[in-house]
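Notes follow the structure.
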Amino acid sequence: MIDYETLRVIWWLLLGVLLAGFAVMDGFDLGVAALLRVLARDDDERRALLETIEPVWEGNQVWFILGGGAVFAAWPLLYAASFSGFYFAILLVLLAFILRPVGFGFRNKIADPRWRGAWDWLLTLSGLVPALIFGVAIGNLFLGVPFRYDDTLRMSYEGGFFGLLRPFALLAGLVSVAMLLMHGAAWAALKSEAVIARRAERMLRLAAVAFVATYVLAGAYLFVGVGGYAISSPVQAAAPSNPLMKTVVTGVNWLRDGALGGWACGTAALAIAAALGAALLAARARHRGAFFASACAVFATVFSAGFALFPFLLPSSLDPRSSLTVWDASSSRTTLGLMLLVTALLLPIVLAYTSWVYRVLRGRVSLEHVKQTHGMY
Amino acid sequence: MIDETVVTLSRLQFALTALYHFLFVPLTLGLSWMLAIMEAVYVMTGREVWKRMTQFWGVLFGINFAMGVATGVTMEFQFGTNWAYYAHYVGDIFGTPLAIEGLMAFFLEATFIGLFFFGWDRLSRVKHLIVTFLLALGTNLSALWILIANAWMQNPVGSEFNLDTMRMEITDFGAVIFNPVAQSKFVHTVSAGYVLGAMFVLSISAWYLLKGRNVDFAKRSMTVAASFGLASALSVVVLGDESGYTVTEHQKMKLAAIEAMWETEPAPAAFTAFGFPDVAERTTHFAIHIPWLMGIIGTRSLDRVLPGIRELVDDAEKRITNGMKAYAAMQRLRVDRNDAAARAEFEAHKRDLGYALLLKRNMADPATAGPDDIRKAAASTIPNVPVLFWAFRIMVGCGLWFIALFAYSFWLSARRELDRRRWYLKAALWSLPLPWLAIELGWIVAEYGRQPWAIEGVLPTALGVSSVSAAQVATSLVGFVLFYSALAVVDAVLMLKYARKGPDGLGMWPPATSH
């Protein structure tokens, strides 16, 4: 059986794959929903734009649900501390994710323009709110979050919702919104026709530039204005998961002193190049290439944050030694091994039938066709 | 010390969101198989009406499915937001089936639901049928894994406490998966969902027949519902009995509370068919007993004794005293990890550690508890007897009615007389809410009956809460109530609208030539 340290690193990478998988797969659904009222101007256009994601968003949302389940199974301390600590932020995300299924499922069921108009607004919100909050949450990880453990490992959190809205975190929120708008526009350009695709191309270029600008700004801010964390006691990579067994210093530089700071900068460069590539390809109406470039940018962005934080998962600003790291927040070796086996068996099957479904649904959604049907999904 | 308001509000929020989620899930479980059956008939016979039936019931399925997905999101994250200590304490075991549920079941159902609706013109008949089948399989696999997780809460096998990490850790995953409670719960729960799906189709079809609309369409639907429903109603009762038997093995207190069995009776015990349990007096007024029945159901024997509530409370007292020794030894081990005497003391009593945690509700250090505290804590292991007593009896009564109704439907459909008796059609129509009632009551028996434990004998519910403020939980609770109420109205409006429109109103059947 694989040793505990390696299992923890693998599960840290898998956590990244899950988050990046969510951002890439469900990210375009969120982006399209957020852009619904911008890219599509009348009801036919909106039904056509929605039809680009209606058959697939449900499967994509499972990346989010699976993220919850997998963090619970592999990183139970992270699951418990982050979700109870970010209580209202998570509540807002949940409400948005509750709105999406009913929004997609119910919008077209009644033809009244007021009914559909109301759902359009709600769908827009259900795309924007999670995009913003996920970014703000990631930003807060770099700043540290006010929690501590007592000796029975009961966590207490000493801060509120508004404490999360610090300048760097808000900037990270803007990065996330710009990124997912770019990605949503890339999908819309790939799967729509005519006027919607033209608008999506323009939006893609705009959002890609906004993403690169905010991302570079956030990187610079991180380098000069954010105090990082580092483990100061000898690292016990295979010790039982108990965060209180270490000491942590603050005020270091995440990028310069971080264990994987170089990797973070490398993936960041990749993300920027991919986003600019997406904008250029969109300008030439190369929609497939633009979408894949955008997906790469999203994937690299998620990993750049993970690398910069390594080995931290959730630093504590209140009691730094309570910080959760890769070495002390995981489940037991048996559970990690077992979950790895299950993932190795099942994930390829999931990816196989998911790609089959996308192949069946290939091609652009025809606006003319949508006009002829009454859209009873 | 635990903030009791936070505990109450968190429990209320969990119960409301779970009960609400469980209005939609069972219909998904049952209706998905019925769609697969109808579509299979279409593929085999090639007759268009069966395709239209699949599509029409599919529209209602879709409305319901959206609500199931929406309300399920809350459940996956609520253990973290509101039950953080629970998540920490048992995440090593409990998280795994949830993650597998996502990988094995959610992806399957969620990926293929889109193709179910959008794939009719893109797939061959057989391929579309496979999609529908995989959709049904996904929904049912999801029930399997969440019930494996739930069964571990009722009967925590294959795990032990780890002092270094202050939590339960897995020792035998096979035992968790093949937990006997999980098996009986799974088959009982999915059968209940099938009964609900069958009743849904039966009742709405009966309404069409009462109105003289969609007659052929409705009679065919009722035939499917009658046979599927009869098989399911029989299995839900038989397998419910199996479920009761496993409760005897693992949750004696829950069983005693359901039966309001205050004292241990000589075997075989009588079944109390009716009565008014009195908690203060620990007796049941106006009880009507059926001799022997309880002993036979509960132990499948004539000589094994079922313990009564008073005896179980005495047992709990002993286990609390043992648990306090484990707790005290644990404190000594924290100071000195090499204290061999403390280690031996801890190992000897650690299976009762959870019972000492019952005391934490009222004091910071359970090791200091006096006889009064212990008695009080032991008494707190009795769940709410009158609620369980009645919830169980109403649920069983519904189950027996379902058998009768579906058996009669089956007989009528075999004689091709489904549309001949108005009183029958009315009975079928008005039975629509009953499976929901039975299912929600079943949840109450299983989960409210587990109290005061979150994990039976391991972790008291009150200890599982997050360190959040009462104001936070109150706000989210109000948020969920408002949000869910609005959604309930929207869902009901759409369901009624589309059921009323019917296949004729939607232009699905009869074919367009007759218009």
Side-chain angles (χ1 to χ4, degrees), chain A residues 54-59 61-62 64-66 68-70 72-74 76-77 79-84 87-88 90-91 94-95 97-102 104-106 109-110 151-157 240-242 331-332 334-335 338-339 342-343 346-347 350 353-354 357 360-361 376-377, chain B residues 59 62-63 65-67 69-74 76-77 79-82 84-85 87-88 91-96 98-104 106-107 110-115 117-119 122-123 162 164-167 169-170 173 334 466-468 472 476 479 483 487 490 494 497-498 506:
Chain A
E54 267 166 354
V56 293
W57 72 269
E58 213 138 10
Q61 176 159 303
V62 178
F64 175 66
I65 309 291
L66 177 65
F72 198 173
L77 285 100
Y79 176 86
S82 59
F83 291 164
S84 64
Y87 195 80
F88 282 126
I90 295 290
L91 182 68
L94 291 184
L95 294 183
F97 274 84
I98 292 168
L99 267 181
R100 271 157 44 100
V102 284
F104 287 122
F106 294 177
K109 289 253 169 3
I110 292 179
D151 59 359
T152 64
L153 290 187
R154 179 177 286 280
M155 188 210 77
S156 53
Y157 185 91
S241 288
N242 186 332
S331 38
S332 66
T334 315
T335 297
L338 191 84
M339 284 292 301
V342 171
T343 309
L346 291 178
L347 198 57
V350 170
Y353 64 66
T354 303
V357 168
V360 170
L361 295 164
M376 201 188 54
Y377 165 72
Chain B
V59 171
I63 296 171
F65 191 86
M67 291 294 286
V69 171
T71 54
V73 173
T74 316
E76 189 89 9
F77 293 86
F79 298 106
T81 53
N82 291 78
Y85 198 65
H88 158 70
D92 197 64
I93 305 115
F94 190 82
T96 304
L98 259 64
I100 299 179
E101 183 187 22
L103 268 171
M104 191 185 278
F106 289 157
F107 266 124
T111 305
F112 287 112
I113 180 101
L115 222 46
F117 289 108
F118 288 87
R122 292 172 181 265
L123 295 169
N162 182 338
D164 293 323
T165 53
M166 290 300 293
R167 67 183 181 193
E169 291 188 355
I170 202 147
F173 189 62
R334 269 209 216 118
S466 301
S467 305
V468 290
Q472 277 177 305
S476 61
F483 215 67
L487 287 183
V490 172
L494 282 180
K497 178 186 155 84
Y498 277 82
L506 291 167

So which of A:N242, A:L346, A:V56 has the largest heavy-atom pair count under 4.5 angstrom toward chain B?
A:L346
From the list B:T74, B:L98, B:L115, the residue making the most non-hydrogen contacts under 4.5 Å with chain A is B:L115
Just how far is it from atom OG1 of B:T165 to atom CG of A:L153, taken to the nearest 0.5 Å?
8.0 Å
Against chain B, label A:I65 side chain, backbone, both or neither, depending on which of its atoms sit under 4.5 Å from a heavy atom there.
both
Let me confirm one number: the OG1-CG distance from B:T81 to A:L91, rounded to the nearest 0.5 Å.
8.0 Å
Which atoms of B:V468 come close to chain A, meaning under 4.5 Å heavy atom to heavy atom: side chain ones, backbone ones, both, or neither?
side chain
Where does A:V360 contact chain B at under 4.5 Å (heavy atoms): side chain, backbone, both or neither?
both
Would you give the length of the straight line joining atom CZ of B:F117 to atom CD of A:E54, rounded to the nearest 0.5 angstrom?
11.0 Å
Working to the nearest 0.5 Å, report the span between CZ of B:F77 and OG of A:S82.
9.5 Å
Ring pair (Phe, Tyr, Trp, His ring centres under 6.0 Å) partners of B:F112, counting only residues at least two apart:
A:Y353
What part of B:Q472 gets closer than 4.5 Å to chain A, counting heavy atoms only: side chain, backbone, both or neither?
both
Pick from B:I93, B:I63, B:I100, B:T71: which one has the most heavy-atom pairs with chain A under 4.5 Å?
B:I63
In short, A:F83 meets B:G80 closest at the heavy-atom pair CB-C, 3.6 Å
Distance in Å, A:L94 CG paired with B:E76 CD, rounded so as to fall on 0.5 Å steps
10.5 Å
Counting heavy-atom pairs closer than 4.5 Å to chain B, which one of A:D151, A:T354, A:T152 comes out on top?
A:T152
Return the minimal non-hydrogen interatomic distance between B:D92 and A:P76, and the atom names on each side.
N-CG, 4.4 Å
Max heavy-atom pairs within cutoff under 4.5 Å with chain A, candidates B:A87, B:G479, B:A110, B:G72, goes to B:A110
May I have the step-by-step check of side-chain contact (heavy atoms from CB on, under 4.5 Å) for B:V73 and A:R100, ending in yes or no?
CA-CA 11 Å; B:V73 173; A:R100 271 157 44 100; over 6 Å; no
What pair of heavy atoms forms the shortest contact from A:K109 to B:K497, and how long is it?
O-CE, 3.6 Å
Taking the six-membered ring for Trp, is the centroid-to-centroid distance between B:F106 and A:F64 below 6.0 Å?
no
Can you tell me which of B:L494, B:D164, B:N162 forms the most heavy-atom pairs within a distance under 4.5 Å of chain A?
B:L494
Minimum heavy-atom distance between A:A73 and B:A99, given as atom pair plus value
CB-CB, 4.0 Å
B:L487 and A:I98, any side-chain heavy atoms less than 4.5 Å apart:
yes
A:T334 OG1 to B:E169 CD distance, which is reported to the nearest 0.5 Å:
7.5 Å
Looking only at heavy atoms and a cut-off of under 4.5 Å, which of B:A66, B:S466, B:G62 has the most pairs with chain A?
B:A66
Quick one: closest heavy-atom pair of A:S332 and B:I170, and the distance?
OG-CG2, 4.1 Å
If every non-hydrogen atom of A:Y87 is compared with every non-hydrogen atom of B:S476, which pair is closest and at what distance?
OH-OG, 2.7 Å
Do B:F173 and A:T335 come close enough that some side-chain heavy atom pair is under 4.5 Å?
no
Check against side-chain contact (heavy atoms from CB on, under 4.5 Å), A:V102 and B:V490:
CA-CA 9 Å; A:V102 284; B:V490 172; over 6 Å; no
Bottom line for A:M155: the part with an atom under 4.5 Å from chain B's heavy atoms is backbone
Determine whether B:R167 and A:L77 satisfy the following criterion, side-chain contact (heavy atoms from CB on, under 4.5 Å), listing intermediate values before the conclusion.
CA-CA 11 Å; B:R167 67 183 181 193; A:L77 285 100; 3.6 Å; yes
Counterpart residues, ring pair (Phe, Tyr, Trp, His ring centres under 6.0 Å), relative to B:Y85 (two or more places apart)
B:H88, B:Y89
